There are 2 protein chains.
Amino acid sequence: MTKVARLYEGTETAGKREAILNAALRLFTERGFHGTAMPSVAELAGVGAGTIYRYFESKEALVNTLYRDWKNFQITTILKDVPEETPLREQFRIYWNRLVEFAAEFPIAFGFLELHFHAPYLDEESRAMEERGHNALVSFFQHCLRQQIVKNLPPEMLGALVVGAYVGLVKASRAGCFQLTQEMIDQAEACCWEAIRR
Amino acid sequence: MTKVARLYEGTETAGKREAILNAALRLFTERGFHGTAMPSVAELAGVGAGTIYRYFESKEALVNTLYRDWKNFQITTILKDVPEETPLREQFRIYWNRLVEFAAEFPIAFGFLELHFHAPYLDEESRAMEERGHNALVSFFQHCLRQQIVKNLPPEMLGALVVGAYVGLVKASRAGCFQLTQEMIDQAEACCWEAIRR
DNA sequence: GAATGCGGAATGAACGTTCATTCTTTACCT
DNA sequence: AGGTAAAGAATGAACGTTCATTCCGCATTC
């Protein structure tokens, strides 16, 4: 819930730290890290330029906090509450739907995470967060491989194809190529499973 | 061949314009548009800072020239010389292989085009180039749809899934997750076709 | 009235761009 | 051909601007 608040609460009522994070999320996503000026973050957040430095050590610290918080939230949201005994085919469906839901519910955060993936100004801790997500993905497909329900290919490759297709789908829908209905989401999920199923 | 020259010729022997374009391609890809300083482009190109402005009106003009040239080259390379009567399944294989070849042969240009896709500082002409590629993709899948050899989904969606998977695959291989062998490229192609085939 | 939080002008570094100057090539004359 | 002058390219220090960050005075709280 804290994340929803951070995105959608009016910036005047919210704490200044959250207002700054919200403003930075939007501007970094729209204009990129180097393309965003700190005073413009302050303006959008409705705070003085100096106030940002009461909460964040530097511009880099700000972008890293944002990246860590959202990446962590994304991973947690996608992975939570799936019983281990759930059939893997069903797990795939669940994860797929959660990925799409995440992109629909937090479109700016989705864009932010996409844009800043592997960026050179991300620090060790942010990189570690990226790896956590990567490991979860790989271990899921390793699990699938052990059950021989997917093609015998490196799990990293299966993950890359599926996640790539997911990102492509969301970005195209965002670009206005089409509007994603639940039916289309289900069909895309079927496509992705057929791509990798044994 | 002119493109190969632009990427790989020693900058000292090449014309200054090409040296500048090569340097800018590398730096814009590594550090992004706003993260790259013009004097650093000049330094890498082995020319004076002012010299850039004899060939390009501004930093934006430089990035747009780069984008247009490479996008145009990419589209031309992918689409050239495929007889209309070639079976669509075979055409798919050809286009897939050419996409992967392009990314392998021009890795920096691939990264550049990916990073700057839809960037706000691209001008009308660059956008038009993007659309040319998009149209080619869509019309190929429309063709497939008419022959009823792919799932009955919007052609933009089929394209988004396949190209997304392609980008995901190349990026993962670039990140060091695995080394792409021809066998893996073929297997990935099969995956993508199975994803969309009827 | 002391302490804390905040705003926004101030600061110095770095940016994109310009321009007076130098170097290189070309053209012409003898 | 040799010599000279004009033209064109190239240069990099310098310019104005913008940026991330700092700092100081004000407001608010206890």
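All heavy atoms count here, side chains included; hydrogens, waters and symmetry mates do not. Every chain is numbered from 1 and lettered A, B, ... according to where its sequence line falls, protein lines coming before strand lines. As the structure is a prediction and not an experimental result, all values here were calculated from the model.
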* To do: Consider the side chain of B:Ala37, meaning its heavy atoms from C-beta on, and name the nucleotide among C:dG16, D:dA20, D:dA13 that approaches it most closely.
  =>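 That would be C:dG16.
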* Asked: Of the nucleotides C:dC6, D:dT21, D:dT11, which has the atom closest to the B:Val47 side chain?
  ->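 So the side chain of B:Val47 is nearest to D:dT11.
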* Does a salt bridge link B:Asp186 with B:Arg93, judged by any charged N lying under 4.0 Å from a carboxylate O? ->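 Judged by the 4.0 Å cut-off on N to carboxylate O distance, B:Asp186 and B:Arg93 do not form a salt bridge.
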* **A:Ala49 vs B:Gly50, nearer the 5' end of DNA chain C by closest nucleotide** =>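 With A:Ala49 and B:Gly50 compared, the 5'-side residue is A:Ala49.
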Send over the distance from [X] [atom1] to [N] [atom2], rounded to a whole Å.
| X | N | atom1 | atom2 | value |
| --- | --- | --- | --- | --- |
| B:Arg54 | D:dA7 | CZ | C1' | 11 Å |
| B:Ile52 | C:dG16 | CD1 | P | 9 Å |
| A:Lys59 | C:dC15 | NZ | P | 12 Å |
| B:Arg31 | C:dA14 | CZ | P | 14 Å |
| A:Ile20 | C:dG5 | CD1 | P | 14 Å |
| A:Leu27 | D:dA20 | CG | C1' | 15 Å |
| B:Tyr53 | D:dG12 | OH | C1' | 13 Å |
| A:Met38 | D:dC19 | CE | C1' | 11 Å |

* Asked: Is the distance between the ring centroids of B:Phe106 and B:Phe110 less than 6.0 Å?
  ->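 No, they do not, as the ring centres are separated by 6.0 Å or more.
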* To do: Check every strand shown and say whether B:Ser40 touches a base, only sugar-phosphate, or nothing at a heavy-atom separation below 4.0 Å.
  =>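 It contacts nothing in the nucleic acid.
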* Tell me, please, whether A:Tyr55 has A:Lys16 positioned over its six-membered ring: NZ or CZ under 6.0 Å from the ring centre and within 45 degrees of its axis? =>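 No; the conditions do not both hold, so A:Lys16 does not lie above the ring face of A:Tyr55.
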* Does A:Tyr55 place a side-chain N or O at less than 4.0 Å from the phosphate oxygens OP1/OP2 of C:dC6? ->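 For C:dC6, OP1 or OP2 has a side-chain N or O of A:Tyr55 closer than 4.0 Å.
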* Considering just the side-chain nitrogens and oxygens of A:Lys16, establish if one lies under 4.0 Å of OP1 or OP2 belonging to C:dG7. =>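 Yes, such a contact exists.
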* Taking for each residue the nucleotide of DNA chain D with the nearest heavy atom, is it A:Pro39 or A:Thr51 whose nucleotide lies nearer the 5' end? ->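 Looking at the nearest nucleotide for each, A:Pro39 comes out on the 5' side.
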* Asked: Considering all heavy atoms of both residues, which atom of A:Phe28 and which atom of A:Leu115 are nearest to each other, and what is their separation?
  ->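 Minimum heavy-atom separation between A:Phe28 and A:Leu115: O-CD2, 3.4 Å.
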* What do you reckon, is CD of A:Gln182 surrounded by more than 12 foreign heavy atoms closer than 6.0 Å? ->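 Above 12, so yes.
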